[in-house]
A.B. asks: 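What follows is a single structure, and I will ask about it in a moment.
Letters go in sequence order (proteins before strands), and every chain restarts at 1. Since we're looking at a predicted model, the values are computed, not measured. Every heavy atom of this structure was used, including side-chain atoms; hydrogens, water molecules and symmetry mates were not.
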Protein chains: 2
Amino acid sequence: MKSTIHDVAKLAGVSNMTVSRVLNDSTHVRPLTRQRVLKAIADLHYLPNPAARTLSSSQSRTIGLVITDLANPFFVGIVRGVEAFVRQRGYGVILSHTEEDLSRERESLHTLRAAKVDGVIWVPCGDESTDHASILIEENIPTVVMDRLMPGAPYFDAVISDNRAAAKALTLHLLKAAGTPVRGVFGNPITSVVQERLLGFRDALNESNIPWNADFAIYRNPVMPESPILADLQSGNCPIKGVLAWNNVAAAAVFREAIAANIRVPDNLVIATFGNPDPYQVTPGYFLLAEQDPFQMGFSGAQQLFTRIEHESDDDGSRKTFIIPVYIGFREHALQ
Amino acid sequence: MKSTIHDVAKLAGVSNMTVSRVLNDSTHVRPLTRQRVLKAIADLHYLPNPAARTLSSSQSRTIGLVITDLANPFFVGIVRGVEAFVRQRGYGVILSHTEEDLSRERESLHTLRAAKVDGVIWVPCGDESTDHASILIEENIPTVVMDRLMPGAPYFDAVISDNRAAAKALTLHLLKAAGTPVRGVFGNPITSVVQERLLGFRDALNESNIPWNADFAIYRNPVMPESPILADLQSGNCPIKGVLAWNNVAAAAVFREAIAANIRVPDNLVIATFGNPDPYQVTPGYFLLAEQDPFQMGFSGAQQLFTRIEHESDDDGSRKTFIIPVYIGFREHALQ
DNA sequence: GTGAAAGCGCTAACAG
DNA sequence: CTGTTAGCGCTTTCAC
């Protein structure tokens, strides 16, 4: 029932080490011996004890995935992408949920380090997450930073979207589709995503010869806005024609407000935002969308992580940043 | 940098065992000694090695969470609820994603057993999952079955919705709101959820003196329907007034089709379904909704699991099934 | 209340 | 190609 490597060895008539070699795919085993061992393994329904393996090898065949917000389907998409890649390599995923909280992030990273994860995929909380980089660096744990960049931390590979360029292109589309005035809703600018999208928004207005005005953008820190966004955006008596919402959640809030105010979307108000098609298209919406594919981002990130893990010895210190392209178009279905 | 229990012991001037006792909250340590040990732990930034702990104690301070579909926000809600409870107990969660695949489920369960998880929360793939129960039972791993029941497996605690009663009540509401005819869309009846909701649907028609007809319900196995549901439901020339969709994904599909066909929802077609308010209300929809709260289900399930884990010794073999109430009402926002 | 000794099940490092 | 010897860092068991 609960057999050990020793039981297998005895049954196969070899030593523990030979069994271990078979388990770890070492080629230094005679085919016939390997057969005998494999048969013993099958007969006993033997499964290696991961704790023992980790203790003696300091490797866990496990990676850590640090995510900020599981309630946001965008990040769940990343989780699915990572999981899909990692499982095909026979690795496990330890999921950590920080809820955008820096102290939880610190704790998560320490826990993962203690668990001897072989690598980490990390969506940092924001700029201050840089302080936590050392937790990973000290142990030389291969790491891929995801979606958000931290300032002054070029120690890690990264997978991000080209937020500035995409926000600019999206805003130009918005201007074309909606006319003026357009406004922007942004989150707390503690993440590179918000910062870059804001820059792109300004780039577009600039290129369109619309002089910048601080009123053009508002910032809403909490995920759920506490006061009406559309009203706060409105200044002067010319009704807003278009809104750039920095992410899916903000866009949803604007959409709800518009519906509540009997403003037809997109006829009388165009909402442009970033997101991805909901795989199940749970509910329809009408958005001008810069499509991100979080599943792909997660998958690519995991892929890059594994090339690091598998070639850890020949690490020359260089790091790559992968910029995932963004497709812009009208979408008649749900965003996510 | 990487200190062990021995380093702590040396620094505190005690033996390994005393440190271990402090770590495990044993009361058999003199307060003063405890102080010294705690200081040494802090000074060294000592973190216990989980692999060593697991190896020597056969306990991992970790639970397994087996989920069928991460792309469905309903199950993500469960994950969030479980995670929230478990982390406050200082435990970790190993997430397994089966994608409704029985062989992946088998594999997941074996992996969790090998990892010495202290408990499992399990959304089974369906009726045939009963075959996998032994994997957990053999090792006496406390387990809570979630959302779906397996036939002939009363070995586990369970957290489910009262699907039959809720489906009946929901259908009665639907009949009142929409009039006749109403139809039902169901999934593959390999899960208790589908079976029970179908029974509830029939109960309601029965009680309303509408003689049952096999055409009243159709079954769509894949998550995304391959052919138009509404067209397949339509029989005769009286247009359908209401649809009971067995879950959120099916409801979304029906909703999309209605919009595409210029059928106004809910004015000309009422869609009744099960779901829960999207925490971020990403996009609005108009449904007659039997509200489930997956976060609460996950949270409650974890709670029950921990009472088992903590009182494993005095297990009298009895098992509890928790039936989570369902609230029925019109919802003007997104379902999930 | 504290310590010494003996593993938990595996792999690293060396022999042969 | 295969085996032997030592641990990995903790907890268990039993002393005192």
A.B. asks: Once you apply a heavy-atom cut-off of 4.0 Å, does S58(A) come out as touching a base, just sugar-phosphate, or nothing?
C.D. replies: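 Since no nucleic acid heavy atom lies under 4.0 Å of S58(A), the category is nothing.
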A.B. asks: Please confirm whether the shortest side-chain N or O distance from T18(A) to OP1 or OP2 of dC1(D) is below 4.0 Å.
C.D. replies: no
A.B. asks: Could you tell me the separation between the CD atom of Q59(B) and the P atom of dG9(D), rounded to a whole number of Å?
C.D. replies: 21 Å
A.B. asks: Give a yes/no on whether any side-chain N or O of S56(B) is located under 4.0 angstrom from OP1 or OP2 of dG7(C).
C.D. replies: no
A.B. asks: At 4.0 Å (heavy atoms only), tell me whether T54(B) reaches a base, stays on the sugar-phosphate, or touches nothing.
C.D. replies: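 Nothing: the residue T54(B), judged by heavy atoms under 4.0 Å, touches no strand.
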A.B. asks: Below the 4.0 Å mark, does dA4(C) have OP1 or OP2 next to a side-chain nitrogen or oxygen of S15(B)?
C.D. replies: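 No, because none of the side-chain N or O atoms of S15(B) sits under 4.0 Å from OP1 or OP2 of dA4(C).
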A.B. asks: Is there a donor and acceptor pair, one atom on the side chain of R21(A) and one on the base of dG3(D), closer than 3.5 Å?
C.D. replies: yes
A.B. asks: If I take atom CG in residue L32(B) and atom P in nucleotide dT2(C), what distance separates them, rounded to the nearest angstrom?
C.D. replies: 9 Å
A.B. asks: Heavy atoms from C-beta onward define the side chain here; which of dC10(C), dG3(D), dA4(C) lies closest to that of A52(A)?
C.D. replies: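 Comparing dC10(C), dG3(D), dA4(C) against the side chain of A52(A), the answer is dC10(C).
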A.B. asks: Under 4.0 Å from OP1 or OP2 of dT11(D): is there any side-chain N or O of R53(B) that close?
C.D. replies: yes
A.B. asks: So do R53(B) and N24(B) actually touch side chain to side chain, heavy atoms under 4.5 Å?
C.D. replies: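 Result yes, sub-4.5 Å side-chain heavy-atom pair found.
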A.B. asks: Output the rounded distance in Å from CE (M17(B)) to P (dC16(D)).
C.D. replies: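 It works out to 17 Å between those atoms.
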A.B. asks: Quickly work out the N49(B) CG to dC10(D) P distance and round it to whole Å.
C.D. replies: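 It is 6 Å, rounded to the nearest whole Å.
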A.B. asks: For residues I67(B) and V79(B), determine if any side-chain heavy atom of one lies less than 4.5 Å from a side-chain heavy atom of the other.
C.D. replies: yes
A.B. asks: Would you indicate, yes or no, if dT11(D) has its OP1 or OP2 atom less than 4.0 angstrom from a side-chain nitrogen or oxygen of S20(B)?
C.D. replies: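 For dT11(D), OP1 or OP2 has a side-chain N or O of S20(B) closer than 4.0 Å.
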A.B. asks: Separation of K10(A) atom NZ from dC10(C) atom C1', in whole Å?
C.D. replies: 17 Å
A.B. asks: Is R87(A) paired with E107(B) through a side-chain N to carboxylate O contact shorter than 4.0 Å?
C.D. replies: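 Judged by the 4.0 Å cut-off on N to carboxylate O distance, E107(B) and R87(A) do form a salt bridge.
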A.B. asks: Take atom NZ of K2(B) and atom C1' of dC8(D), then tell me their distance rounded to the nearest Å.
C.D. replies: 10 Å
A.B. asks: In this structure, which one of D7(B), V8(B), V37(B), L11(B) forms a side chain to side chain contact (heavy atoms under 4.5 Å, CB included) with Y46(B)?
C.D. replies: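 Considering D7(B), V8(B), V37(B), L11(B), a side chain to side chain contact (heavy atoms under 4.5 Å, CB included) with Y46(B) is found only for V8(B).
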A.B. asks: Taking the minimum atom-to-atom distance to the side chain of L55(B), which one of dC8(C), dC10(C), dT11(C) wins?
C.D. replies: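 Of all the options, the side chain of L55(B) is nearest to dC8(C).
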A.B. asks: Identify whether the distance between the nearest side-chain nitrogen and carboxylate oxygen of D118(B) and R61(B) falls below 4.0 Å.
C.D. replies: no
A.B. asks: Within this structure, what is the CG-to-P distance between N24(B) and dG9(D), rounded to whole angstrom?
C.D. replies: 17 Å
A.B. asks: Figure out the NE2/P separation between H6(A) and dG7(C), and round it to whole Å.
C.D. replies: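 Rounded to the whole Å, the gap is 14 Å.
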A.B. asks: Less than 4.0 angstrom between a side-chain N/O of N16(A) and OP1 or OP2 of dT4(D), yes or no?
C.D. replies: no
A.B. asks: Where each residue is assigned the nucleotide of DNA chain C containing its nearest heavy atom, which of S57(B) and V29(B) is assigned the position nearer the 5′ end?
C.D. replies: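 This one resolves to V29(B).
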